[in-house]
Every structure is written in C-alpha cells, then in structure tokens.
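Source: prediction; values computed, not measured. Reckoned from all heavy atoms, side chains included, excluding hydrogens, waters and symmetry mates. Letters A, B, ... are given to chains in the order of the sequence lines, protein chains preceding strands, and every chain is numbered from 1.
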Amino acid sequence: METLAGPDATSSAAPAPASGRGHRVLALVGELMIIAGALLGLYVVWQLFYTDVEANNTQKQVVEELDWAYTAPITAGSGSSDEQATIPNELKLGPDTAPVMAEPKNGTTFATFYVPRWGADYVKPISEGVDRHTILDRLGIGHYPHTGMPGEKGNFAISAHRTTYGKPFNRIAELKSGDSLVVQTEEAWYVYKVTSHDIVRPTQVEVIAPVPNDPGAEPDNHYITLTSCHPMYSAAERFVVWGELEYWSPVGNGIPEELLEVPES
Amino acid sequence: MIFPAVWNALPGPRWVRAILLTALLAAAVWTLFEYVFPWVSVTFGIQDQSVGDG
C-alpha cells in the first residue's frame, strides 16, 4: 500500500504508453463492454421496477377519472371506513337478462375489474384492445377485440401482464374455483365465479373462443377468460383462468357483497 | 478512447464538465426508459401475455 503511494512506484507500475494500435483497440473494446453492461443493467432496472411505477400511476389515474367507477379500493385503509351498502338479493339478476354494451373504440377504458382474492384494494381498468404498446403496457387490462363484452352470452376475454407494467394479473395462479371476478361498467355490476384454469401455448387461441376450447360452437353460457404469461417473467406459455357469470345488477344499488369478502384460503 | 474523448469534448472547468456529464447521462437514461426500452420489449416479444400472435 505505502510503496504504491510513492512516485517511483506508480510510474514504474504504470502500463507502457498506449501508443500501439492494439492497445487502442483493446481500450475501445473494453469501453464498449462497459457501456453494454450498463445498458443491460439499465434495461433490467427499467423492466422490473420502472414499468411498474409508470403503469401503476397511469392505471390508478385512469380509474379515478372514470366518474362512475367504484374507487373505494384505492382509498382502502386510509381511515375512511364508511359502511358500503351491498346489492340486495332481489336485485341480483340472472345472466340471461344481463345488459350488454356495444364494443367501444380501441383504447377506450370501459370497465373496472375487482378481484377480492387479490386484496380489498384491487381495482384495475379494462380497456379495449390487446396491443402491447398502447394498451397492455400502459392501461393494464386489455379486452380481446370481437370477443364478448361483460355479461354477454359468449366469452368476455381479457389479458394483462403477470409481471411488470403494473402487473394486473400478478396473482392469477392463486385463483381458486368459486373465487369472484367482479366487473363494473357504467351501467352494471357483473359477478363471475372462477370455474377452471389451464396452462397453454401462446398459439392456442381457442381458449378465448365463445365456448372456451370449442371454437365454432354456438355460445351456450356467459363466460369470462383471463390470460396472462406463464411462467412468470417469461413469454413461453400462457396461464388461463375461466369463469362463468353468476349474476348481474344495475349500478346504484350498492356494491356486490363479494367485494367485501377477501377469501382467507 | 470514448470516455476521455467525451470528457475532453465538454467545455469549461472540471466542475462544469461534471455537471454537463451528469445532465447528458440523465438525458440518455430518460431516452432509453421512455422510448428505446419500450420499443425493444415489444419488438422482441419479451413478456407477452396474450394468446394469438401477441
């Protein structure tokens, strides 16, 4: 240590002047590798942390801007514990009478999504389209164009990231049969119950057919389909969850009681 | 090579260069985060979750 501090030691330990061509090439390669390493590191930071920060902010803002959306989950735990009225039994209406809205323009946020299993504070917007850059990476949950709308006889199919970009479907693998999937539109609440799940290849588009896994069949029930990536942090396969509509109710008569019951196991 | 060249290309005394360099790096990171990385992620299909060609 001390010897290195001496002027003689440093000058003698210093490398020969980098005058040779080989030296300069080596220095350039070294610097390029340092830059490449920094870029890769920055990419990881961006993908794993920054996309969450950015997308969560956007999605929260989108939900708050929907003046009809139930946003109590956003403020849950902030002290305001006023009792929410729940939808009375006589207003829980059968699937066959469910109102079906027209499919909106690409990029329009038309519904909100609540999953008690994912926490009492879980609320995410649902927007039209499954384009990565404009919908899924920013707005969160996307609706597959030309699949059913909420409440429709057929298949209401939605997709979202399981990791990063606000990860709306982060805990999709925790869903169990009977769990509630609640959709709110400007007009109505739709309460679906999970029936099954599967892990498929990305090419298996029959999972979002009007009758899941039976393309071409006439719609026979009011299905919901959630797709996300599998395994986590990969795009190799897709995790798919199906559910069926249990009841619907016009908005304005309280909230579905399912929203207040976070399943324990 | 690159690093000394950038340093020498910046004007002013040391502390001015240090500030300029920090600003340049911040601008580079911002461009990467807002434009380059989103494009890379979508173009190379990293983290896709839809069925179909997505």
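Using a 4.5 Å heavy-atom cutoff, the side chains of B:Phe33 and A:Thr51 are not in contact. At a threshold of 4.5 Å between non-hydrogen side-chain atoms, the residues B:Pro4 and A:Glu31 count as touching. Within the 4.5 Å cutoff, no side-chain heavy atoms of B:Val29 are placed close to those of A:Trp46. At a threshold of 4.5 Å between non-hydrogen side-chain atoms, the residues B:Ile2 and A:Ile35 count as touching. A heavy-atom distance below 4.5 Å is not found between the side chains of B:Pro38 and A:Tyr165.
Using a 4.5 Å cut-off between heavy atoms, A:Leu39 contacts chain B through both its backbone and its side chain. Residue contact with chain A, scored on non-hydrogen atoms closer than 4.5 Å, involves the side chain of B:Leu32 exclusively.
Ring-plane geometry between B:Phe37 and A:Tyr43 is classed as perpendicular, the angle between the planes exceeding 60 degrees on a 0 to 90 degree scale with a lower cut at 30.
Counting heavy atoms of neighbouring residues, nucleotides and ligands inside a 6.0 Å radius, atom CZ of A:Phe49 does not exceed 12 of them.
Between chain B and the options A:Leu42, A:Ile34, A:Ile158, the largest number of non-hydrogen pairs under 4.5 Å is found for A:Leu42.
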